[in-house]
Amino acid sequence: MNYVNQAVPKLDSAALTAGQGAYTDDLATQNGCLVVKVLRSPHPFAKILSIKRETASRVNGVECILTWEDVPQIRYTLAGQSYPEPSPYDRYILEQVVRYVGDPVAIVAGRDEACVDKALGMLKVKYQLLEPVLDFERALDNPSVVHPEADYHNNFDIGGDPARNLVASGCDAEGDLEGALAGCDVVVDRTYYTKANAQAMMETFRTYTYLDHNGRLNVVTSTQVPFHCRRIIAHALGLSPARVRVVKPRIGGGFGAKQTLVSELFPALVTLRTGKPAKIVYTRQESFSASNSRHQMRVRVRMGATRDGIVRAVAVDALSNAGAYGEHASTTVGLTGHKSIPLYAKAEAFRFSYQVVYTNTMAGGAFRGYGATQGCFAVESAANELAERLGIDPAQLRLKNIPQQGEVMPAYYHEPLSSSRLPDCIRRGMELIGWEQNYPRVQVSDHLVRGVGMALTMQGSGISSIDTASATIKLNDDGYYTLLIGATDMGTGCDTILAQMAAEVLRCPLEQIAVDGVDTDHSPYDTGSYASSTTYVTGTAVVKACTQLVEQIKDEGARLLGIPAERAAFDGQAVSDTAAPDARIGLDRLAQTLVGGMNPHWLTATASHCSPTSPPPLMAGFAQVEVDLETGECRVLDYVGVVDCGTVINKNLARVQTEGGIAQGIGMALWEDINYDGHGRMVNDSFMQYKLPTRADLPPIRVEFVESYEPSGPFGAKSIGEVVINTPAPAIAQAIHNACGVWVRDLPITGEKILRGLWEQQGRTL
């Protein structure tokens, strides 16, 4: 192949390295563009009794101040998911009840930042304080009900009961679990905790809005889901979707945070009220404390095996903290079990149950890994503990139990494993980390010990039978192509990857294809960039559309050459006669001929794709750590990730995706820890307090790909975007245990927790 499976540079690499990328705030250039800011609640749970705004309204330059009395009272969800959204409709844009510290109270718009800040400081709000629910383990059936409103709405039953603070619940099971556990020689029963994590993308949330000459609302915003964004904006504002246009410029990262609407509705309201353009740019503190995060979870795992290491039963029970609103609540928790249990394919029985609860903290949302990350930490840690109890090498335990290609996976929605080289991933990872030499530990000195650990994971490739992608490819009059997509490149390089696929099918240089940005007025429909869908789902749509266009080119070339269509061949530059190869017409001449004369027409093809399955990418991760037995300090010395993502479309971008995901996973394992004080305020809402790993904190991250061929994917490809974040937490947890004997079952794994465990081994207290 000429372009697929090659290390092609990103199409926008030169612009990015030269600082020429145009982001949302760069496009907000209209004179008179109002600055929008939000007054936020200082209380976790309260009813607004009054808002005095008369004095603030007289501040010179202030254009409007909007409160809950001034906005549409329409329940909606901010979750960017296909309609009918499974997330509850539990929000107003502004409401008389505030449910977390940071919930919006009022919107202020003015000519500049100074006057808006002055007006914000002059607003006087009187609150009736309510008793907040801050502990998610005490939320269910708590006397304080976070959402008692009568117009709370679900599109369909997700097992929720807001009167009990229950957002969603469910259970999926097969076989006699208790009987299978009773027949096991060894059973582990452990509970694991993961914390809320901030996505911490470089570009904060920001939106720019204006009315065009037809009075339509134009929304330029940093979003992963332009089409979902249009639908949600129209619904929340009570507008026809035909009156809303969404444009996605370059995005400075998302990691799932921008699959939820965050900033869009505030300037939109201002523009509709004033008729003037408006923009909002979130501060970093707002992005931490007034947006969304990874869902905090408690996951109990029961796993049983016979003495030969065959896992016979797996039970996963998850409790998830939705926070104040239910965006992505039921869907995120679903992946906790459905993308961890299937890796133990010999099990006779499994059960996955879950509950999601409301609390008075910031809402959870989408974050790379989307629930599978939390489930992987719990289930893979339990598998490592089980292997130790059995006295079996944990790598060999996995090789005995993983699903084989062609098998149906009951815990993965009964989908087949249509492609897999997971055994090769495990064996190669063992070689790279030096498993035989370093497992379980190596004593370095009297107080330094090194240990190794491992974990497996799987994800998906899009949402099967639900999410759809479309692509349009057109031949221009100069013989070049324009590829129109609705998928959102948020720095991942999907514009490049999709152009590679198009170039491969069209047999043309990559430079011959222009990739258009997303504009809901003219881009083909795409659900957006989430659920690891773009390469697999949108890529297939691109291949379909380009294949159709090739047939059109051959048909038109045959007509102009005066030969039967079946004799036409296309080599990317010309259409020729297979019976007389010298008879040919160049692509540029063909294109120019088609747009001239009495019957001009463009050659254009559009195709859509929705997959009935979601083939899982697979990964084995291996960590080596060094623990100081005197201080509890832990350093990751080496990390190896071996990935089966089917055919690697772009080797450069796949490697960067994997390295970045592993780095995020290491951060989740050792440092990242959103915390709230006793008054519901987030205490680490800046990069000064919220610790992310830098290059100086990270070990060498070594990545290899073991390519399978996925028959349902474009050129044999599966996804890679999310699977890469899941293995570090359980692999590092096991490596620490192997080094010093301490199991830490709640993230992040700090030196204090390790030292406490060491002292407990010695009968001491910290």
Side-chain angles (χ1 to χ4, degrees), residues 24 27-28 30 33-34 36 64 66 68-95 104 107 109 151-156 207-249 258-280 325 327 466-470 472 484-488 516-528 606 608:
T24 297
L27 302 179
Q30 290 195 34
C33 181
L34 299 176
V36 178
C64 72
L66 304 176
W68 65 274
E69 298 174 300
D70 306 308
V71 303
Q73 301 296 290
I74 301 171
R75 290 283 170 201
Y76 69 99
T77 176
L78 288 175
Q81 298 172 300
S82 292
Y83 181 84
E85 300 99 335
S87 297
Y89 285 26
D90 57 6
R91 283 186 182 264
Y92 290 156
I93 301 170
L94 296 175
E95 192 163 352
I107 303 166
D151 57 349
Y152 183 102
H153 170 66
N154 282 303
N155 286 320
F156 49 86
T207 301
Y208 162 54
T209 58
Y210 63 94
L211 298 177
D212 63 21
H213 60 282
N214 290 318
R216 296 174 71 224
L217 177 65
N218 285 246
V219 181
V220 181
T221 188
S222 184
T223 180
Q224 297 174 220
V225 286
F227 286 92
H228 291 333
C229 195
R230 179 180 66 177
R231 184 187 69 252
I232 294 168
I233 290 170
H235 172 76
L237 296 176
L239 300 175
S240 164
R243 288 195 59 202
V244 180
R245 172 194 180 206
V246 174
V247 175
K248 187 280 306 177
K258 295 172 183 176
Q259 192 192 337
T260 301
L261 276 69
V262 173
S263 57
E264 286 81 0
L265 287 164
F266 304 127
L269 273 168
V270 169
T271 292
L272 291 174
R273 176 61 65 96
T274 66
K276 296 182 179 181
K279 73 171 183 177
I280 187 169
Y325 301 96
E327 286 94 34
I466 294 179
D467 285 345
T468 300
S470 302
T472 296
L484 291 87
I485 56 173
T488 306
D516 198 23
V518 183
D519 180 334
T520 57
D521 269 8
H522 66 79
S523 297
Y525 180 82
D526 193 297
T527 47
T606 298
S608 300

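Only this structure's heavy atoms are used, side chains among them; waters, hydrogens and symmetry mates stay out.
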Least distance between heavy atoms, [X] atom then [Y] atom:
X	Y	result
Thr24	Val220	CG2-O, 3.4 Å
Tyr83	Asn155	CE1-ND2, 4.3 Å
Ile280	Phe266	CD1-CD1, 4.1 Å
Arg243	Gly215	NH2-O, 3.5 Å
Val518	Ser523	CA-OG, 3.4 Å
Ser608	Thr468	CB-CG2, 4.3 Å

Residue list, side chain to side chain donor-acceptor pair (under 3.5 Å) with [X], at least two apart or on another chain:
X	answer
Asp519	Arg245
Arg273	none
Lys248	none
Ser263	Thr207

Kindly say whether [Y] contributes a backbone atom to a donor-acceptor pair with the side chain of [X] at under 3.5 angstrom?
X	Y	result
Asp526	Gly528	yes
Gln259	Gly80	yes
Thr221	Thr223	no
Asn218	Arg216	yes
Gln30	Ala28	no
Ser470	Pro524	no
Thr472	Leu484	no
His235	Arg75	yes

Open item on the list: Going by the rule salt bridge (Lys or Arg N to Asp or Glu O under 4.0 Å), which residues pair with Arg230 if we only count those two or more places apart in sequence or in a different chain?
Closed with: none

Task: Under the salt bridge (Lys or Arg N to Asp or Glu O under 4.0 Å) test, residues paired with Glu264 that sit two or more places apart - done: none

Contact check, side chains of [X] and [Y], non-hydrogen atoms, under 4.5 Å:
X	Y	answer
Asp151	Tyr89	no
Ile233	Leu265	yes
Tyr92	Val71	no
Tyr208	Pro277	yes
Val244	Thr520	no
Thr271	Leu217	yes

[atom1] of [X] to [atom2] of [Y]: how many Å apart, nearest 0.5 Å?
X	Y	atom1	atom2	value
Leu66	Leu269	CG	CG	6.0 Å
Arg91	Tyr152	CZ	OH	12.0 Å
Lys279	Thr209	NZ	OG1	11.5 Å
Cys64	Lys276	SG	NZ	9.5 Å

- [ ] Mind running side chain to side chain contact (heavy atoms under 4.5 Å, CB included) on Ile107 and Leu94 for me, showing each step along the way?
- [x] CA-CA 9 Å; Ile107 303 166; Leu94 296 175; 3.9 Å; yes

Open item on the list: Between His228 and Thr527, is the side chain to side chain contact (heavy atoms under 4.5 Å, CB included) condition met? List the steps.
Closed with: CA-CA 7 Å; His228 291 333; Thr527 47; 3.7 Å; yes

TODO: Determine, step by step, whether Thr77 and Leu261 satisfy the side chain to side chain contact (heavy atoms under 4.5 Å, CB included) criterion, reporting the C-alpha distance in whole Å, the side-chain angles of both residues, the deciding distance to 0.1 Å, and the verdict.
DONE: CA-CA 9 Å; Thr77 176; Leu261 276 69; over 6 Å; no

- [ ] Using the side chain to side chain contact (heavy atoms under 4.5 Å, CB included) rule, take Tyr76 and Ile93 through it: C-alpha gap first, then chi angles, then the decisive distance, then the call.
- [x] CA-CA 9 Å; Tyr76 69 99; Ile93 301 170; 3.8 Å; yes

